[in-house]
Every structure is written in C-alpha cells, then in structure tokens.
Colleague: 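Please see the structure below; I have some questions.
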There are 2 protein chains.
Amino acid sequence: MGKSGFYQQNGDDIVFRGFNKISIDSKGRLAVPSRYRDLIAVQAENNLVITLNPLDRSLWLYPLPEWELIEDKLATLSDFDKQSRRTKQMMRGYASDCQLDSQGRILLPKELRSYAELNKQAVILGQGNKFEIWNEQAWEAQRDEWLQSVGDDSVPTPESLQTLSL
Amino acid sequence: MGKSGFYQQNGDDIVFRGFNKISIDSKGRLAVPSRYRDLIAVQAENNLVITLNPLDRSLWLYPLPEWELIEDKLATLSDFDKQSRRTKQMMRGYASDCQLDSQGRILLPKELRSYAELNKQAVILGQGNKFEIWNEQAWEAQRDEWLQSVGDDSVPTPESLQTLSL
DNA sequence: CCACTTTTACCCACAATTCCCCACTTCTTG
DNA sequence: CAAGAAGTGGGGAATTGTGGGTAAAAGTGG
C-alpha cells in the first residue's frame with residue numbers, strides 16, 4: 001500500500017500534493033484519484049465542497065472540515081471593500097457540497113463545469129489543504145508561460161522568490 | 001567502496017553528492033543507487049518526493065523530510081502575486097510521492113518523465129538536499145555548454161561567482 | 001395532483017496502470 | 001575464481017480509471 005506517501009496528516013494539518021490527468025465523463029463526473037480516498041473518508045466522511053477559484057479559471061475542491069475553516073475566514077472580510085465582498089460572494093455563492101459515490105467520483109455542478117471549461121480532459125492538482133481542477137489545455141498553457149518566465153531574466157522576479165532556495 | 005563517501009549527515013542536515021548513470025526501464029522505473037538507500041531508509045522511511053526542476057528540463061528528488069521544508073517555504077508565498085502563485089502551484093502540483101520498492105526503485109510519473117524526456121538512459125546527480133535527474137544527452141549538452149562558457153570572457157560572470165574561491 | 005422530462009445515483013464491465021515477485025546479468029570483493 | 005551484491009528486465013495478479021445501462025429522484029408545466 002503506497003498511499004500513505006501522498007498526503008500527510010500532522011495533527012489537524014492535511015497536505016495534498018501531486019498531479020493527475022483525469023477524464024470527465026459525459027455525465028460530468030470526475031474520479032478523485034484513489035490514493036487520496038482513504039484520507040478523505042477518514043477526515044471528512046467523504047464530504048467535499050467544490051467552488052470556483054476566483055484567481056484562475058479553475059475549481060477548488062475542499063474536504064468539508066477544511067472548507068469550514070475557509071468559511072470562517074471569509075466571514076471576517078469586510079462588506080465595504082468591493083474586492084473582499086466579491087470574493088466572499090463568489091466563493092460562498094458557488095460552493096456546493098458533494099459526496100464521493102461508490103466509485104470514488106463526484107458530480108460537478110454544471111455551472112462550475114462551464115466556468116472552468118471542463119469538458120473531457122482535466123487535470124487535478126494537490127494544493128495543500130485543497131485540490132485544484134483545471135481544463136487540461138488551460139493548465140498546460142499556464143505551465144508553459146510560467147516555465148518561460150522563470151528562465152527569462154527580463155521578467156522581474158518578486159523579492160520573495162529571489163531569496164527562495166529549493 | 002564504502003558508502004559513507006557519498007553522503008554526509010550532520011545533525012539534521014543531509015548532503016548528497018555523486019554522479020550515476022542509470023537506466024529507466026520500459027515501465028518508467030528508476031533504481032536509486034544503492035549507496036544512498038540506507039540513508040533514505042533511515043531518514044525518510046523510504047518516502048521520497050519527486051517534482052520538476054523549473055530551471056532546467058530535469059527532475060528533483062527529495063527525501064520526504066527535506067521536501068517538507070520546501071513546502072513550508074512555498075506556503076508563505078502570496079497568492080495574489082502571479083509569479084509567486086504559479087511557483088507554488090507548479091512545485092506543489094507536480095510533486096509526487098513515491099516509495100522505494102523492494103528492489104530500491106521508484107516509479108516516475110508519466111507526466112514528469114515526459115517533461116524531462118526520460119526514456120532510456122538517464123543521469124542522477126547528488127545535489128545537497130536532493131537529487132537531480134537528467135536525460136543523459138541533455139545533461140552532456142548542458143555540461144559541454146557550461147564548460148565552454150566558463151572559460152569564455154565574453155560571458156559576464158555575476159559578482160557572487162567572481163568572489164568565489166574553489 | 002399528475003404526467004412528463006431531466007438529472008442524479010447505483011451498478012456492472014472492460015481497459016489500463018501499478019504493484020509484487022522472481023530471474024538473469026553484470027560488477028565488485030575477498 | 002567463487003560468492004555476493006547491485007542493476008535490469010519482465011510475467012502476472014491486483015488495483016484503479018473510464019464508460020455506459022438502468023432505476024430512482026428531482027424539477028417542470030399543465
């Protein structure tokens with residue numbers, strides 16, 4: 001059983017990572033890679049929340065307990081700052097609950113599918129406390145753009161990155 | 001040849017060094033040179049994390065505890081700066097956990113294999129806290145190019161190198 | 001309240017991938 | 001040269017990914 005390496009549980013902290021190509025079938029279903037399923041079952045009783053990622057045209061998928069933390073944070077945002085208000089509206093407004101079915105799949109709401117342009121081939125990325133779900137082409141385009149800019153000295157690098165040693 | 005020459009363990013610091021030609025079999029598996037295996041077993045319980053090296057078309061292979069340090073650094077990057085966000089997404093997104101099998105091999109994710117163009121012959125380099133894995137031809141080309149430019153006064157040398165004594 | 005359409009959930013089946021094990025070759029070491 | 005260790009390859013079982021049929025549930029309009 002090689003699953004334990006793909007996530008990590010330190011007390012209440014969960015860290016997802018990793019990359020998968022997945023297909024979305026004609027009914028709009030998406031299979032969560034099996035190596036994450038045990039943790040999702042234990043930690044969230046198969047309850048997930050999916051919403052849009054307001055920064056990129058992709059989706060975020062949280063285990064329910066993690067989403068509840070996000071909701072608390074959103075609640076503290078001011079209604080009088082437009083950016084904050086919109087973020088709150090979008091993330092909460094589009095959040096929908098879903099459960100893993102007996103095959104470990106979730107049904108993506110039509111609205112979110114079209115927001116992220118998820119049709120056939122998609123990509124799912126572990127991103128710490130959540131997953132990010134991209135249209136495959138969109139993801140590849142972002143990746144290539146980033147790879148270029150990393151190697152390109154003419155693109156200014158923020159200070160936080162300049163001092164980053166990997 | 002004793003193993004101890006190829007790594008060093010000072011407290012929590014691990015330093016890998018050394019060069020190996022290795023082959024990648026038709027199933028995409030790669031055997032970690034045996035002289036590193038003891039340390040990996042002790043220090044990381046055979047848990048490794050492999051991800052892409054954005055600066056060259058090669059891969060980075062970390063023992064899990066070392067990768068966790070990287071993840072902590074990444075977590076501090078802002079989501080609202082695009083460069084930083086992408087770096088975080090890419091490094092975490094492509095990071096895949098792997099375990100050494102009973103022969104001391106790991107299975108390279110297809111995506112990463114194609115990114116680094118790893119087909120048959122590869123090269124693995126000890127690089128301090130991690131290993132770097134290259135397509136053999138790509139490595140030799142880089143090496144030759146670098147050897148040329150170092151001796152060439154027309155290529156500017158950054159200040160940090162000018163003061164470097166070897 | 002009922003009939004009709006659309007959506008969702010459950011089940012099974014096939015295909016692809018991954019994992020576990022064993023065998024053979026090559027290289028080191030005594 | 002023998003014996004062991006390390007590198008390499010591959011068979012086959014088990015797991016996982018994917019698609020679709022069909023029944024239940026929900027939404028819609030009269």
Side-chain angles (χ1 to χ4, degrees), chain A residues 1-7 16 18-41 45-50 61 96-114 118-126 131 133 135-136, chain B residues 1-7 18-41 45-50 61 96-114 118-126 131 133 136:
Chain A
M1 144 119 62
K3 292 179 183 176
S4 53
F6 285 93
Y7 54 76
F16 295 113
F19 173 99
N20 269 84
K21 286 193 187 192
I22 47 179
S23 69
I24 291 170
D25 68 25
S26 55
K27 296 176 184 175
R29 294 176 302 188
L30 170 160
V32 174
S34 69
R35 60 173 185 267
Y36 303 117
R37 287 182 204 158
D38 285 357
L39 179 59
I40 292 171
E45 292 173 338
N46 287 338
N47 293 306
L48 299 167
V49 174
I50 190 159
L61 180 66
S96 60
D97 295 280
C98 40
Q99 272 232 331
L100 290 179
D101 72 11
S102 53
Q103 269 69 28
R105 294 183 280 202
I106 59 172
L107 180 65
L108 300 174
K110 222 183 246 174
E111 200 62 23
L112 292 179
R113 237 182 296 159
S114 72
L118 297 174
N119 30 45
K120 196 100 189 68
Q121 283 308 108
V123 157
I124 182 167
L125 304 164
F131 297 97
I133 301 165
N135 167 296
E136 188 182 21
Chain B
M1 162 81 64
K3 296 173 182 181
S4 52
F6 288 92
Y7 60 77
F19 170 96
N20 268 83
K21 287 193 186 193
I22 46 179
S23 70
I24 291 169
D25 69 25
S26 56
K27 294 180 183 176
R29 294 176 301 189
L30 169 160
V32 173
S34 68
R35 58 174 184 263
Y36 304 117
R37 286 182 204 159
D38 286 355
L39 179 57
I40 291 169
E45 292 174 340
N46 286 338
N47 293 306
L48 299 168
V49 175
I50 189 158
L61 180 66
S96 292
D97 289 74
C98 37
Q99 276 229 331
L100 290 179
D101 71 10
S102 53
Q103 269 70 26
R105 294 182 282 200
I106 58 173
L107 179 65
L108 299 175
K110 222 185 246 172
E111 196 64 20
L112 294 179
R113 239 182 295 157
S114 73
L118 297 174
N119 29 45
K120 197 100 190 69
Q121 284 307 108
V123 157
I124 182 168
L125 303 166
F131 297 98
I133 301 165
E136 188 181 21

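Each chain gets a letter, A, B and so on, in the order its sequence line appears, and its residues count up from 1. A quick note: this is a predicted structure, and the numbers were derived from the prediction, not measured. Atom set for the values below is all heavy atoms of this structure, side chains included, hydrogens, waters and symmetry mates excluded.
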Colleague: Hey, is the side chain of A/K120 poking within less than 4.0 Å of OP1 or OP2 on D/dG19, counting only N and O atoms?
Modeller: yes

Colleague: From the list D/dG7, C/dC11, D/dG19, which nucleotide is the closest neighbour of the side chain of A/D25?
Modeller: D/dG19

Colleague: Distance check, rounded to the nearest 0.5 Å: B/L48 atom CG versus B/C98 atom SG?
Modeller: 5.5 Å

Colleague: Does atom CD (A/Q99) have a neighbourhood of more than 12 heavy atoms from anything else shown, all under 6.0 Å?
Modeller: yes

Colleague: A/N119 CG to D/dG19 P: how many Å, rounded?
Modeller: 12 Å

Colleague: Which is it for A/I50 and A/I133 under the side-chain contact (heavy atoms from CB on, under 4.5 Å) test, yes or no, and what are the steps along the way?
Modeller: CA-CA 10 Å; A/I50 190 159; A/I133 301 165; 4.1 Å; yes

Colleague: Grab the CG-P distance between B/L100 and D/dA6 for me, whole Å please.
Modeller: 13 Å

Colleague: Once you round it to whole Å, what is the distance between P of D/dG9 and CG of B/L30?
Modeller: 12 Å

Colleague: How many whole angstroms separate atom CZ of B/R35 from atom C1' of C/dT28?
Modeller: 14 Å

Colleague: Check side chain to side chain contact (heavy atoms under 4.5 Å, CB included) between B/E136 and all other residues, then give those that pass, not counting sequence neighbours.
Modeller: B/K21, B/Q121, B/V123, B/E140

Colleague: Sequence neighbours excluded, which residues qualify as side chain to side chain contact (heavy atoms under 4.5 Å, CB included) partners of A/N135?
Modeller: A/E117, A/L118, A/N119, A/Q137, A/A138

Colleague: Round to a whole Å and report the spacing from CG of B/D97 to P of C/dC19.
Modeller: 12 Å

Colleague: Roughly how far apart are A/I40 CD1 and A/N46 CG, rounded to 0.5 Å?
Modeller: 7.5 Å

Colleague: Please output the side-chain donor-acceptor pairs of residues 101-112 of chain B that fall under 3.5 Å, not counting sequence neighbours, one pair per line with the distance.
Modeller:
unit_1 : atom_1 : unit_2 : atom_2 : d
B/D101 : OD1    : B/Q103 : N      : 2.8
B/D101 : OD1    : B/G104 : N      : 3.1
B/D101 : OD1    : B/R105 : N      : 2.9

Colleague: In residues 26-33 of chain A, what donor-acceptor pairs under 3.5 Å come from side-chain atoms, sequence neighbours left out?
Modeller:
unit_1 : atom_1 : unit_2 : atom_2 : d
A/R29  : NE     : A/D25  : OD2    : 2.7
A/R29  : NH2    : A/D25  : OD2    : 2.9

Colleague: In whole angstrom, what separates B/N20's CG from C/dT28's C1'?
Modeller: 14 Å

Colleague: Measure all distances between protein nitrogen or oxygen atoms and nitrogen or oxygen atoms of nucleotides 7-9 of chain C, and list the pairs falling under 3.5 Å.
Modeller:
unit_1 : atom_1 : unit_2 : atom_2 : d
C/dT7  : OP1    : A/K110 : NZ     : 2.8
C/dA9  : N6     : A/K27  : NZ     : 3.0

Colleague: Look up atom CZ in A/F131 and atom CZ in A/F16, then write down how far apart they are to the nearest 0.5 Å.
Modeller: 4.0 Å

Colleague: Find the distance B/I24:CD1 to D/dG10:C1' and express it as a whole number of Å.
Modeller: 17 Å

Colleague: In this structure, how many angstroms lie between the C1' atom of D/dT15 and the OH atom of A/Y36, rounded?
Modeller: 17 Å

Colleague: Looking at C/dC10, D/dT16, D/dG7, which one has an atom nearest to any side-chain atom of A/S34?
Modeller: D/dT16

Colleague: Tabulate atom names and distances for all N/O pairs under 3.5 angstrom spanning the protein and nucleotides 22-26 of chain C.
Modeller:
unit_1 : atom_1 : unit_2 : atom_2 : d
C/dC22 : N4     : B/Q103 : NE2    : 2.9

Colleague: B/S23 side chain N/O closer than 4.0 Å to the phosphate oxygens (OP1, OP2) of D/dG7?
Modeller: no

